[in-house]
Each structure stands twice: as C-alpha cells, then as structure tokens.
J.: 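Sharing a structure, written as structure tokens. Questions coming.
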Amino acid sequence: MMLGVGAIPSVILAVGVLAMPESPRWLVMRGRLGDAIKVLNKTSDSKEEAQLRLAEIKQAAGIPEDCNDDVVEVKVKNTGEGVWKELFLYPTPAVRHIVIAALGIHFFQQASGVDAVVLYSPTIFKKAGINGDTHLLIATIAVGFVKTLFILVATFMLDRYGRRPLLLTSVGGMVVSLLTLAVSLTIIDHSNTKLNWAIGLSIATVLSYVATFSIGAGPITWVYSSEIFPLRLRAQGAACGVVVNRVTSGVISMTFLSLSKGITIGGAFFLFGGIATIGWIFFYIMLPETQGKTLEEMEASFGKIWRKSKNTKEAEKDNAQVAQVQLGTNVST
C-alpha cells in the first residue's frame with residue numbers, strides 16, 4: 001500500500017500533461033503561427049504583450065514581421081543535428097558559458113551535502129548526542145517539515161527578488177550553517193560530558209541549513225538551468241545537468257558514512273562547507289540574473305567572460321549566431 005500510493009501522483013501528472021500546450025517557440029519553428037499566438041494569449045498578461053513576444057520569436061526564426069498567416073513555410077527547420085557539437089565541441093562563447101553555468105549549479109547544489117543531511121539526519125542527530133528512537137524521529141520529521149515549508153516560501157520569493165540574489169543569499173546561509181554544524185559536532189566529539197548547548201546548536205544548524213537550501217539553491221537550480229539553454233539545445237543541455245546532479249548526489253550519499261568515519265563527522269561538514277564556499281564564488285562570477293528575460297534576450301547575459309578578448313565585430317557575429325540557435329535556425333559552427 002505504501003508503494004502503491006506513489007502511483008496516484010503519477011496518474012494525475014499523466015492526465016495533466018495531456019492539457020499542456022506546445023511551446024510557442026516550437027510552434028513558430030514549425031510555421032504554426034496561429035497556434036503559437038493562442039498559447040501566447042493564454043500565458044501573457046495582455047494581447048499586446050503576446051504580439052510583442054510573437055514578433056521577437058518570429059524575428060529569431062527568420063519569419064517576416066508582417067507575416068500573420070496561421071501556417072507559414074519555414075525554410076530552415078530544426079532537425080536536432082549537431083546539438084552535441086554545439087554544446088561541447090564548437091560552442092559559441094555564450095553557449096559555453098551557459099553549459100558551464102548549468103552543470104556547475106547542479107554540481108554545487110549536491111556537492112554541498114544536502115543529501116547527506118537529509119538522508120542521514122538520524123545519524124547526525126545521534127552523533128550530536130540525541131538518544132532514543134522517539135527523539136530521533138521527531139528531529140528527523142522536523143527536517144522534512146522545514147524543508148517543505150521553505151520550498152513553499154521560495155515559490156513566492158523567486159520572481160519577486162530574482163534568481164541571483166536569492167541564490168547567493170541561500171548559499172551564504174548554507175555555508176554559515178555547515179561550518180557552525182561542523183564546529184558544534186567537533187566539540188561534541190571531543191567532549192567527555194554532554195553539552196546541551198552544543199546539541200541544541202547542532203539541531204538548529206541542521207534546520208537552518210535545510211531552510212536556506214530550500215529557499216534558494218534547491219528550487220533555483222532547476223529553474224535556472226531550464227531557462228538559460230537555447231531552445232535547440234535545451235533537451236540535451238538540461239539532461240546533462242540532471243546527470244551531473246544525480247551522479248553527484250549518488251557519490252555524496254554512498255560515501256558520507258565512510259567519509260565521516262575517515263575524517264570525523266565534523267570534518268565531513270567542514271568539507272561540505274568549503275565546497276559550498278567555492279560554489280558561492282562560482283555563482284557570483286558565472287551566473288548572471290535571468291529574471292524576466294525571454295529566450296531571445298537570454299544569450300546577451302552570457303558569454304561576456306570570453307568576449308572580452310574579442311573585437312566588436314566578432315562579438316556581434318557571436319550574438320547573431322546564438323540568437324539563431326535559440327530557435328534552431330543555425331546549425332553551422
């Protein structure tokens with residue numbers, strides 16, 4: 001029964017998918033302007049905004065602005081060829097920046113030890129000095145409750161404050177929580193007496209770590225990595241991000257107990273705190289703000305690190321190429 005209940009959300013999701021419209025950009029790529037404007041009218045605040053967004057997509061797709069037929073012929077169509085080359089072998093500066101940002105945010109999300117805290121919270125609390133199955137269960141339930149609560153908070157803050165400020169604040173809180181947890185667990189480990197203040201501090205920092213993670217690094221990783229890839233590269237790029245995320249999660253989950261035995265549990269969290277600190281620096285340097293930007297505007301936010309060494313003409317050429325890649329209208333390298 002416990003496992004069978006999990007089928008209920010899957011059925012609801014499957015039914016919901018049937019009602020999902022195609023992306024307006026995908027529809028424009030197929031020349032289906034009439035269907036695209038219907039979707040844009042439903043997802044825009046006004047018809048004027050929908051027309052403006054349609055004009056931007058048509059321009060990137062190479063369709064004349066004055067063409068308003070429901071179905072038009074698109075000369076250059078996206079066939080999905082050469083995507084891996086464009087991602088990893090011959091990327092433009094903007095695409096290279098996007099790939100590094102997407103893979104990096106997935107890596108640091110998991111390498112900062114969130115699965116170690118969530119999956120092994122009973123072990124952490126036991127090391128902190130909490131005894132009794134009931135007390136351990138209550139503390140573990142508190143972790144799940146705080147995680148869920150602050151994910152809900154994040155849904156209201158994400159578009160109000162933007163991705164970048166929320167992410168940097170979140171990871172900063174994670175760093176402070178991890179280092180404080182490491183110090184408190186190390187003190188407990190080297191003490192011959194029960195230190196209630198250290199136990200309380202350990203519990204508080206575990207909860208603060210989960211809270212700060214859930215308010216930023218948790219949800220923003222998936223939002224950010226899904227919205228920065230050009231449409232032509234999105235499926236493969238997002239898939240690579242998920243692979244990095246799950247592989248890193250698996251490594252952390254399978255090595256945490258051995259790591260805590262090898263360098264002590266406090267040492268393990270010092271390590272996670274160091275990785276989170278590197279992650280904060282990476283996010284500060286590599287991740288521009290993307291809030292409110294369309295796919296057609298997104299590429300201008302990326303590639304600046306590598307464009308500094310190029311002259312203006314070459315930079316403009318890269319801009320034009322990536323704008324075409326947004327809708328798969330350029331397959332050359």
J.: Does any pair with a residue in residues 179-189 pass side-chain hydrogen bond (donor to acceptor under 3.5 Å, both in side chains), and if so which ones, sequence neighbours excluded?
T.: Ser184-Ser202
J.: Are the side chains of Ile187 and Trp197 in touch, meaning some heavy atoms are under 4.5 Å apart?
T.: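 Ile187 reaches Trp197 side chain to side chain.
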J.: Between Ser170 (side chain) and Leu166 (backbone), is there a donor-acceptor pair under 3.5 Å?
T.: no
J.: Applying ring pair (Phe, Tyr, Trp, His ring centres under 6.0 Å) as the test, list every pair that has at least one member in residues 29-50; sequence neighbours left out.
T.: none
J.: Nearest 0.5 Å, what's the CE-CG distance between Met157 and Leu152?
T.: 13.0 Å
J.: Regarding Arg234 and Ser226, do their side chains bring together a donor and an acceptor under 3.5 Å, going by distance alone?
T.: no
J.: Quick one: ring pair (Phe, Tyr, Trp, His ring centres under 6.0 Å) pairs with a partner in residues 235-271, sequence neighbours left out?
T.: Tyr120-Phe256, Phe256-Phe269, Phe269-Phe272
J.: Less than 4.5 Å apart, side chain to side chain, heavy atoms only: is that true for Val95 and Glu86?
T.: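 Val95 vs Glu86: side chains apart.
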J.: Applying side chain to side chain contact (heavy atoms under 4.5 Å, CB included), name anything that partners Leu52, two or more places apart in sequence or on another chain.
T.: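 For Leu52, the residues satisfying side chain to side chain contact (heavy atoms under 4.5 Å, CB included) (neighbours in sequence not counted) are Glu56.
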J.: Would Leu136 and Val206 show up in the same hydrophobic cluster when neighbours are defined by side-chain heavy atoms closer than 4.5 Å?
T.: yes
J.: Minimum heavy-atom separation for Phe88 to Cys240, with atom names?
T.: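 Closest approach of Phe88 to Cys240, heavy atoms only: CZ-SG, 3.8 Å.
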J.: Indicate yes or no for a side-chain donor-acceptor contact from Ser44 to the backbone of Ser46 under 3.5 Å, with no hydrogens or angles considered.
T.: no
J.: Which salt bridge (Lys or Arg N to Asp or Glu O under 4.0 Å) pairs, counting each pair once, include a residue from residues 163-177, with sequence neighbours left out?
T.: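 Sorted pair list: Asp159-Arg163, Arg163-Glu227.
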J.: Can you measure from CE (Met174) to CZ (Phe108) and round to the nearest 0.5 angstrom?
T.: 11.0 Å
J.: Taking the hydrophobic residues Ile, Leu, Val, Met, Phe, Trp and Tyr, and joining any pair whose side-chain heavy atoms are under 4.5 Å apart, which ones share a cluster with Val71?
T.: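 None, because no other hydrophobic side chain comes under 4.5 Å of this residue.
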J.: Answer whether the closest heavy-atom distance between the side chains of Phe282 and Leu287 falls below 4.5 Å.
T.: yes
J.: How about OH on Tyr284, more than 12 heavy atoms from neighbouring residues, nucleotides or ligands closer than 6.0 Å, or not?
T.: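 Atom OH in Tyr284 is not packed in, count stays at 12 or less.
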J.: Counting only heavy atoms not in Asn196 (residues, nucleotides, ligands), do more than 12 fall under 6.0 Å from its CG?
T.: yes
J.: Side-chain heavy atoms under 4.5 angstrom apart, residues restricted to Ile, Leu, Val, Met, Phe, Trp, Tyr: same cluster for Ile278 and Val171?
T.: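 Yes, one cluster joins them.
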J.: Treat each ILVMFWY residue as a node, draw an edge where side-chain heavy atoms are under 4.5 Å apart, and state whether Val99 and Val242 are in one component.
T.: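 In one cluster with Val99: Val242, no.
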J.: Any side-chain heavy atom of Ile105 within less than 4.5 Å of one from Met286?
T.: no
J.: Show every side-chain hydrogen bond (donor to acceptor under 3.5 Å, both in side chains) that has at least one partner inside residues 252-267, sequence neighbours left out.
T.: none
J.: Given the rule in the side chain to side chain contact (heavy atoms under 4.5 Å, CB included) test, do Asp115 and Gln110 qualify, once you have shown the distances and angles that lead to the verdict?
T.: CA-CA 7 Å; Asp115 280 350; Gln110 292 299 322; 3.0 Å; yes
J.: Determine whether Leu179 and Val183 make a side-chain contact, defined as any pair of heavy atoms from C-beta on separated by less than 4.5 Å.
T.: no
J.: What's the verdict on side chain to side chain contact (heavy atoms under 4.5 Å, CB included) for Leu33 and Ile63, showing C-alpha distance, side-chain angles and the deciding distance?
T.: CA-CA 10 Å; Leu33 301 185; Ile63 298 175; 4.1 Å; yes
J.: Would Val251 and Val118 show up in the same hydrophobic cluster when neighbours are defined by side-chain heavy atoms closer than 4.5 Å?
T.: no
J.: So which atom in Arg96 and which in Pro91 form the shortest heavy-atom distance, rounded to 0.1 Å?
T.: NH2-O, 3.6 Å
J.: Quick check: closest heavy atoms across Ile252 and Gly113, and the distance to 0.1 Å?
T.: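 What the structure gives for the nearest pair is CG2-CA, 4.3 Å.
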J.: Please round to the nearest 0.5 Å and tell me the distance separating atom NZ of Lys38 and atom CG of Asn41.
T.: 10.0 Å
J.: So, for Gly241 and His106, which heavy atoms are closest and what is the spacing to 0.1 Å?
T.: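 In terms of heavy atoms, the two residues are closest at O-CG, 3.2 Å.
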J.: Can you name the nearest heavy-atom pair linking Leu87 to Gly237, along with the distance?
T.: CD1-N, 4.0 Å
J.: Please identify each residue that fulfils salt bridge (Lys or Arg N to Asp or Glu O under 4.0 Å) with Asp35, with sequence neighbours left out.
T.: Arg32
J.: Taking a hydrophobic cluster as the set of Ile, Leu, Val, Met, Phe, Trp and Tyr residues connected by side-chain heavy atoms closer than 4.5 Å, whether directly or through intermediates, do Val153 and Phe145 fall within one such cluster?
T.: yes
J.: Would you name the heavy atoms of Ala128 and Ile199 that are closest together and state the gap between them?
T.: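 Scanning both residues completely, I find the closest heavy atoms to be O-CG1, 2.9 Å.
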J.: Enter the distance from Met29:CE to Glu22:CD here, rounded to the nearest 0.5 Å.
T.: 11.0 Å
J.: Residues in side chain to side chain contact (heavy atoms under 4.5 Å, CB included) with Val243, at least two apart?
T.: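 By the side chain to side chain contact (heavy atoms under 4.5 Å, CB included) rule, Val243 matches Val247.
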J.: Do Ile124 and Leu185 come close enough that some side-chain heavy atom pair is under 4.5 Å?
T.: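 Ile124 reaches Leu185 side chain to side chain.
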J.: Who else is in Val176's hydrophobic cluster (ILVMFWY, side-chain heavy atoms under 4.5 Å, direct or via others)?
T.: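 Taking Ile, Leu, Val, Met, Phe, Trp and Tyr as members, Val176 stands alone, with no cluster partners.
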J.: Output a table of donor-acceptor pairs, distance under 3.5 Å, between side-chain atoms of residues 212-220 and any protein atom two or more places apart or on a different chain; print 'none' if there are none.
T.:
residue: Thr212; atom: OG1; partner: Ser208; partner atom: O; Å: 2.9
residue: Thr212; atom: OG1; partner: Tyr209; partner atom: O; Å: 3.0
residue: Ser214; atom: OG; partner: Lys147; partner atom: O; Å: 3.4
residue: Ser214; atom: OG; partner: Val210; partner atom: O; Å: 2.8

J.: Measuring from atom CG of Leu168 to atom CD1 of Ile281, what distance do you get when rounded to the nearest 0.5 angstrom?
T.: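 It comes to 11.5 Å.
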J.: With sequence neighbours left out, which residue pairs that include part of residues 157-176 fulfil the ring pair (Phe, Tyr, Trp, His ring centres under 6.0 Å) condition?
T.: none
J.: Rounded to the nearest 0.5 Å, what separates atom CD1 in Ile98 from atom CG in Leu103?
T.: 11.5 Å
